[in-house]
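Please read these numbers as outputs of a predicted model, since none were measured by experiment.
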Protein chains: 2
Amino acid sequence: MKVKEIAELAGVSVRTLHHYDEIGLLVPDEVTEAGYRIYSDKNLDTLQQILFFKELGFPLEKIKEIMHNPSFDRQQALIRQRDMLYRKRSQLNEVIRTIEKTIQESKGERKMPNRDKFTGFDFSHNPYEEEARERWGDEAVDESEEKVKNMNGYDQEKFNEIFRELARIRGVSPESDTAQDKIGIWYHYLNEVGNYSPQAFEGLGHMYVNDERFTENIDQFGEGLAAFMSQAMSIYAERNKS
Amino acid sequence: MKVKEIAELAGVSVRTLHHYDEIGLLVPDEVTEAGYRIYSDKNLDTLQQILFFKELGFPLEKIKEIMHNPSFDRQQALIRQRDMLYRKRSQLNEVIRTIEKTIQESKGERKMPNRDKFTGFDFSHNPYEEEARERWGDEAVDESEEKVKNMNGYDQEKFNEIFRELARIRGVSPESDTAQDKIGIWYHYLNEVGNYSPQAFEGLGHMYVNDERFTENIDQFGEGLAAFMSQAMSIYAERNKS
DNA sequence: TGTAAAGTATCCCGTAGCGGAAGGGTCAAC
DNA sequence: GTTGACCCTTCCGCTACGGGATACTTTACA
């Protein structure tokens, strides 16, 4: 396939493809005698990958570096990119919430303190730097913690309500419908505020029993709740893995 | 308030504020004798507005032009920006769907035609130009306003609308075209705000009947609506499992 | 088989939106 | 009255291309 075809398929300009070739980011598999760039299917997949990175705000130089690394694993990359896209959506949701509040304020329906006028923006600035600088070499886990911290009053209330309900039923088997339904609520709630994959959900569950800070907090709602939730979450995640 | 305070509040750099002053985009209301920039609360609101535009990818020059227009109406601007943010989220959701499919493909669980590998990206290029180039000019404002309400309007409104419509048809069979059509709208709506797989959709449907809080809320639109939706959602999910 | 249109190539210059360092005033505190 | 945190104004640099200009190739079709 020649430049124009690729360009139209991927929705980028021909100039962009030239540029990527120039800087060695995406070099076509083949070049004709006349100098025409011929792209393969593999090239196309690479381009897709590049665009995912770009969507996440990675600079081209960084993308090149990552993808040229001999230990680069496409699958792992995709999964991490997906998680980062989830996070980006969360952030966008915050901006949306902010603008909705602002609209209400402009109608005089509500007052807004200055510090609330900018929630959602801060992270948008250099998303990759905070998140991914070290992560593409390491295996950091603790991100879930922050998510729970960033909650407003409404969320906090809902949060408590769910936990109280879970505490009430913590005697039943974690795989029972009762338990699974309630834990499903928890899952969907988390996805409202933060976007979790089943895998991430399961990971979070593990932390409930492995990290005493979590355990302590959760067990305030009822002795053994953390353990109960952890099990239920595992099962739920397993059943809901796409 | 001096630069640093504003910068921290809004999550931008001091240099950025300098720049905005330089190009006349955000000129502080007051300047001390020593040349210190002093920002007012009004300045802060303007900055917020600017950041919304930026989030939407407007170039600074355009933002300046729009906001300096004497017929500029803050409320209307906010509403339009909100709508464009919704659209941006939709587009991001498409990217997310694309990457999820790609992950499945990389596991060998599915094949993907080349043209599907890039859905979601194309629009990211010049979002404002198609939509807003002439519209921010000065006239013909309220016509788009109407459209906005019907097509992309406020989540809550749309939400209610869908439920009312579903309530109206809840007498028909859940597998009828009428029902499946409407439930499809619901499915797509959910995917605008949160990205649901058919499986997750089905799971949600189960919760409508198994969790009384859901049931109660939904049945406010019409007795038995929760049960109706639950069935329709199961069927829809089954038919749309890719 | 010839020719125009469409596609492609390589230069090369320009731009947006700041980042960051240099060099130098200012202000509140102790 | 000096220290340290904050502020100012240049000025240079950078990224990720856009957009010509100019010249060669390929394709369509008459």
Discussion item. Whether K101(B) and D116(B) form a salt bridge (side-chain N of Lys/Arg under 4.0 Å from carboxylate O of Asp/Glu) is what I want to check.
Written reply: no
Item to complete: Figure out the CG/P separation between L56(A) and dA16(D), and round it to whole Å.
Response: 14 Å
Practice prompt. Determine whether T102(A) and K117(A) make a side-chain contact, defined as any pair of heavy atoms from C-beta on separated by less than 4.5 Å.
Written response: no
Item to complete: Run the numbers on V12(A) and Y20(A) for side-chain contact (heavy atoms from CB on, under 4.5 Å), then give the verdict.
Response: CA-CA 11 Å; V12(A) 302; Y20(A) 290 174; 5.8 Å; no
Item to complete: Taking only the side-chain nitrogens and oxygens of S13(B), find out if one of them lies under 4.0 Å from OP1 or OP2 of dG19(C).
Response: yes
Worksheet item: Considering only heavy atoms from C-beta outward, does the side chain of I63(B) approach that of Q49(B) to under 4.5 Å?
Response: no
Worksheet item: Do the side chain of N43(A) and the main chain of S40(A) share a donor and acceptor less than 3.5 angstrom apart?
Response: yes
Fill in: R37(B) CZ - dT26(C) P separation (whole Å)
15 Å
Worksheet, complete the sentence: So OG1 of T16(A) and NZ of K54(A): to nearest 0.5 Å the spacing works out to 6.5 Å
Worksheet item: Got a donor-acceptor contact below 3.5 angstrom from the T98(A) side chain to the F118(A) backbone?
Response: no
Fill in: Length of the line joining K4(B):NZ and dC6(D):C1', which is rounded to integer Å
8 Å
Worksheet entry | Integer-rounded Å distance: dT27(D) P and E5(A) CD | 12 Å
Item to complete: Compare all side-chain heavy atoms of E65(A) with those of N69(A) and state whether any distance is below 4.5 angstrom.
Response: no
Discussion item. Using a 4.0 Å heavy-atom cut-off, does V3(B) contact any base of the nucleic acid, only the sugar-phosphate backbone, or nothing at all?
Written reply: sugar-phosphate
Worksheet item: So Y236(A) and F201(A), would you call those rings parallel, tilted or perpendicular, with 30° and 60° as cut-offs?
Response: perpendicular
Fill in: Length of the CG-P vector between L60(A) and dA16(D), whole Å
4 Å
Discussion item. Whether the side chain of R15(A) and the base of dG19(D) hold a donor-acceptor pair under 3.5 Å is what I'd like checked.
Written reply: yes
Worksheet item: Atom NZ of K62(A) to atom P of dT15(D): distance rounded to whole Å?
Response: 14 Å
Discussion item. Does the protein touch nucleotides 21-26 of chain D at the base, only the backbone, or not at all? Give it as B, S and - per nucleotide, heavy atoms under 4.0 Å.
Written reply: ----BS
Discussion item. Are I50(A) and F58(A) packed together at the side-chain level, in the sense that at least one heavy-atom pair is separated by less than 4.5 angstrom?
Written reply: no
Worksheet item: Side-chain contact, heavy-atom cut-off 4.5 Å: F53(B) with L60(B)?
Response: no
Worksheet item: Starting at CD of E55(A) and ending at P of dA16(D), how long is that distance when rounded to a whole Å?
Response: 15 Å
Worksheet item: Any sub-3.5 Å donor-acceptor pair from K88(A)'s side-chain atoms to L92(B)'s backbone N or O?
Response: no
Discussion item. Heavy atoms within less than 4.0 Å of DNA chain D: which residues of residues 40-48 of chain A have one? Give them sorted by number.
Written reply: none
Worksheet item: What is the distance from NZ of K64(B) to C1' of dG17(C), rounded to the nearest Å?
Response: 14 Å
Item to complete: Considering just the side-chain nitrogens and oxygens of K54(B), establish if one lies under 4.0 Å of OP1 or OP2 belonging to dC18(C).
Response: yes
Discussion item. For DNA chain D, which residues of residues 17-30 of chain A approach it to below 4.0 angstrom with any heavy atom?
Written reply: H19(A), Y20(A)
